[in-house]
Amino acid sequence: MNVDLLLGLQWGDEGKGKIVDFLAPRYNMVARFQGGPNAGHTLEFDGIKHVLHQIPSGIFRNDIINVIGNGVVLDPVIFKKEIEALFQFDLKPRENLYISKKTQLITPTHRLLDAAYEKAKGARKIGSTLKGIGPAYQDKVARLGLRVGDILSPHFREKYNRLVEKHCSILENHSMDYQLDELEKDFFKAIDFLKEFSLIESEYFIHDHIASGSKILAEGAQGSLLDIDFGSYPFVTSSNTTSSGACSGLGIAPNKIGEVYGIFKAYCTRVGSGPFPTELFDTDGERMQEAGHEFGATTGRPRRCGWLDLPALRYAIMINGVTQLFMMKADVLSIFDTVKVCVGYKKADGTEMDIFPYEIVDESLEPVYQEFKGWNISLKGISEYDMLPEELKNYVSYLEEKLSVPINIVSVGPDRKETIWRNEVLA
Ligand code: GDP
Ligand code: IMO
Ligand code: MG
């Protein structure tokens, strides 16, 4: 099979950027299929930390093709900034980055609408990254959106004006202060910049590569519990973050998909609002946040932290058809004498369950925990699985048994090199 998927199984920020970069040399192409600048994917190597938002995480390998797929919503202003930040390195994004003509564009007014809608929600706000994601996908589905291919049309400005007029009439009801002129100046500069890139019929491009035997890694953004259908709705993002999103977001048929790599932290984090049954409000949560440097890569907001949630993880594995698991940030749990895992939830009426239920949003569920002896030593410098402490290996074996999918990578630090194969599976 030619296409493998890499997906986050929790509420995002599992470490997708790091692992895509780590696996990239095994592939000819890395393709993003959904989301947009709400994503923040961190890569660390040679002592430098990079954060990518819309550009696929294969960009640091000049011999790999990178594709932004039709399922993505692209902010040209952020795109220009991201590309310019890459110019100081010996990279060739104009040569190895391709963008689907069907990718939807985020306009400055999408960002304003995002802020207006959030403000109007008051205490029930989603905690959006305010990058215009929701309004841009809304316009896509309403068949009003602008696509990357439109920027090549002589009528682009008219199409843009028509859409923005609609947006401004909505904004009138939201008492928002804004200076559209300035924002538009940057937007149109960025549109000209975007024209310098290869804008393609990406579904044909990808199919031709598949036909000639190329190996493709599809890079997910966000996480399964933020999926528009299966996440903790309405506290979700506006795209399908699960495997089906890769098919529709790249134009790849399901029978072309081979491995589905599911990536999860050894604990849980969440940014923004919404249910989080295992969230810690005590010093353990604060210590986890500090040890894991849990601050959003896109917004800098502190991430909420809690113990690993097995019912949620099993649910994500089921929806995605995960074939291999990668466990991230094992080193962060080194600070604890005891490590806990949620094995089920108890409802207020006393009934217990081990599924991720519909009621998760409106009912408070008390987690039922299994406790483990912690490993309590630094994992710095360990590069072989057998050298890891027994307690950590027991933790991995326990999870693997409960999840019925092999855990093939254990990550023990942010650097590319701090990645341990347990069972190396060649792609
Ligand atoms: P993504 O959105 O899934 O790509 O993840 P983010 O980049 O938003 O967040 C993951 C954070 O954890 C980044 O700061 C990474 O550098 C860092 N990270 C990734 N893997 C590990 C690991 O195994 N241990 C530690 N301590 N940090 C890690
Ligand atoms: P990566 O790819 C973590 C969250 C936001 C908010 C909700 C909706 O780095 O894992 P949106 O801006 O999409 O309308 O926000 O989704 N969110 C993320 N949380 N990682 C992300 O991406 C996220 N992208 C969106 O915090 O709760
Ligand atoms: Mg992130």
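Residue numbers run from 1 in the order of the sequence given. None of the values given here were measured: they were computed from a predicted structure.
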Exercise. Answer yes if the side chains of W11 and T269 hold a donor-acceptor pair under 3.5 Å, and no otherwise.
Key: no

Quiz prompt | D75/K131 ion pair, N-O < 4.0 Å | solution = no

Quiz prompt | For K102, side-chain contact (heavy atoms from CB on, under 4.5 Å) partners two or more places apart | solution = N70, S100, R147, E201, E203

Quiz item: Parallel, tilted or perpendicular: which fits the ring planes of F22 and W421, with parallel below 30° and perpendicular above 60°?
Solution: tilted

Self-check item: By side-chain contact (heavy atoms from CB on, under 4.5 Å) - contacts of I170 (at least two apart)
Solution: L113, Y117, H174

Quiz item: Can you find a side-chain donor-acceptor pair between K18 and S411 that sits under 3.5 Å?
Solution: yes

Quiz item: With no hydrogens and no angle check, is any side-chain donor or acceptor of N38 less than 3.5 Å from a backbone partner on G36?
Solution: yes

Exercise. In sequence, state the C-alpha distance, the side-chain angles, and the governing distance for S239 and T237, and then conclude on side chain to side chain donor-acceptor pair (under 3.5 Å).
Key: CA-CA 6 Å; S239 65; T237 191; 4.9 Å; no

Practice problem: Kindly indicate whether the side chain of D309, heavy atoms from C-beta on, has any atom under 4.5 Å from the side chain of P367. | Solution: no

Quiz item: Has the side chain of N62 got a donor or acceptor atom that lies under 3.5 Å from a matching backbone atom of D90?
Solution: yes

Practice problem: Could you tell me whether the side chain of L194 reaches within less than 4.5 Å of the side chain of L74, counting heavy atoms only? | Solution: yes

Quiz item: Any luck finding a side-chain donor-acceptor pair between S57 and E219 under 3.5 Å?
Solution: yes

Practice problem: State whether F276 and R270 meet the cation-pi test: NZ (Lys) or CZ (Arg) under 6.0 Å from the six-membered ring centroid, and within 45° of the perpendicular axis. | Solution: no

Quiz item: Are the side chain of Q10 and the backbone of K265 linked by a donor-acceptor contact shorter than 3.5 Å?
Solution: yes

Quiz item: With distance as the sole criterion, is a donor-acceptor pair present between the side chains of H209 and N2 under 3.5 Å?
Solution: no

Quiz item: So, does E418 use its side chain to make a donor-acceptor pair with the main chain of D415 at under 3.5 Å?
Solution: yes

Quiz item: Can any side-chain N or O of N320 pair as donor or acceptor with the backbone N or O of S243 at less than 3.5 Å?
Solution: yes

Exercise. Determine whether the side chains of N240 and S248 contain a donor N or O and an acceptor N or O closer than 3.5 Å.
Key: no

Practice problem: State whether R94 and E196 are salt-bridged, where the test is any N-O pair (Lys NZ or Arg NE/NH1/NH2 against Asp/Glu carboxylate O) under 4.0 Å. | Solution: yes

Quiz prompt | Where at least one partner belongs to residues 227-253, residue pairs that pass salt bridge (charged side-chain N to carboxylate O under 4.0 Å, His left out), sequence neighbours excluded | solution = none

Quiz prompt | More than 12 heavy atoms of other groups within 6.0 Å of F295 CZ | solution = yes

Self-check item: Contacts of R61 that satisfy salt bridge (Lys or Arg N to Asp or Glu O under 4.0 Å) - sequence neighbours left out
Solution: D21

Practice problem: Output yes when a side-chain donor or acceptor of R416 lies under 3.5 Å from a complementary backbone atom of D46, and no otherwise. | Solution: no

Quiz item: Hey, are Q222 and T241 close enough side-chain-wise for a donor-acceptor pair under 3.5 Å?
Solution: no

Exercise. Check whether any side-chain heavy atom of L325 lies under 4.5 Å from a side-chain heavy atom of I317, and answer yes or no.
Key: yes

Self-check item: Beyond-backbone contact of L105 with I191, side-chain heavy atoms, under 4.5 angstrom
Solution: yes

Quiz item: Are E424 and R26 ion-paired here, with the side-chain N under 4.0 Å from a carboxylate O?
Solution: yes

Practice problem: Quick one: do Y261 and N408 satisfy side chain to side chain donor-acceptor pair (under 3.5 Å)? Show the steps, please. | Solution: CA-CA 10 Å; Y261 306 124; N408 288 343; over 6 Å; no

Practice problem: Only counting residues at least two apart or in another chain, list the ones meeting side-chain contact (heavy atoms from CB on, under 4.5 Å) with K185. | Solution: E182

Quiz prompt | Minimum side-chain heavy-atom gap W307-L280 below 4.5 Å | solution = yes

Quiz prompt | Salt-bridge present (E390, K393; N to O < 4.0 Å) | solution = yes

Exercise. Compare all side-chain heavy atoms of I133 with those of S128 and state whether any distance is below 4.5 angstrom.
Key: no

Exercise. With sequence neighbours left out, write down each residue that passes side-chain contact (heavy atoms from CB on, under 4.5 Å) with D208, or none if nothing qualifies.
Key: none

Practice problem: Indicate the atoms forming the closest heavy-atom contact of G374 with V339, along with that distance. | Solution: CA-CG2, 4.1 Å

Quiz item: When you look at F193 and I83, which way does the side chain to side chain contact (heavy atoms under 4.5 Å, CB included) test go after all the steps?
Solution: CA-CA 10 Å; F193 182 79; I83 293 285; 3.6 Å; yes

Quiz item: Is it true that R304 and E294 have a side-chain N and a carboxylate O under 4.0 angstrom from each other?
Solution: no

Quiz prompt | Side-chain (Q88) to main-chain (L86) donor-acceptor, under 3.5 angstrom | solution = no

Quiz item: Judged by atom type as modelled, is there a donor-acceptor pair below 3.5 Å linking the side chain of N66 to the main-chain atoms of I59?
Solution: yes

Self-check item: Backbone N/O of I355 and side chain of Y345: donor-acceptor pair under 3.5 Å
Solution: no

Quiz item: Salt bridge check: are R111 and D114 linked by an N-O gap of less than 4.0 Å?
Solution: no

Quiz prompt | The single option from T242, I216, I257 passing side chain to side chain contact (heavy atoms under 4.5 Å, CB included) against L5 | solution = I257

Quiz prompt | salt bridge (charged side-chain N to carboxylate O under 4.0 Å, His left out) between D192 and K189, worked out | solution = CA-CA 5 Å; D192 285 339; K189 235 190 254 170; over 6 Å; no

Quiz item: So F60 and H50, would you call those rings parallel, tilted or perpendicular, with 30° and 60° as cut-offs?
Solution: tilted

Quiz item: Parallel under 30°, tilted from 30 to 60°, perpendicular over 60°: which one fits the rings of F197 and F79?
Solution: perpendicular

Quiz item: Does A246 offer a backbone N or O that forms a donor-acceptor pair with the side chain of Q34 under 3.5 Å?
Solution: no

Quiz prompt | Check: P357 and L365 side chains under 4.5 Å, non-hydrogen atoms | solution = yes

Quiz item: Is the shortest heavy-atom distance from the side chain of V343 to the side chain of D354 under 4.5 Å?
Solution: no

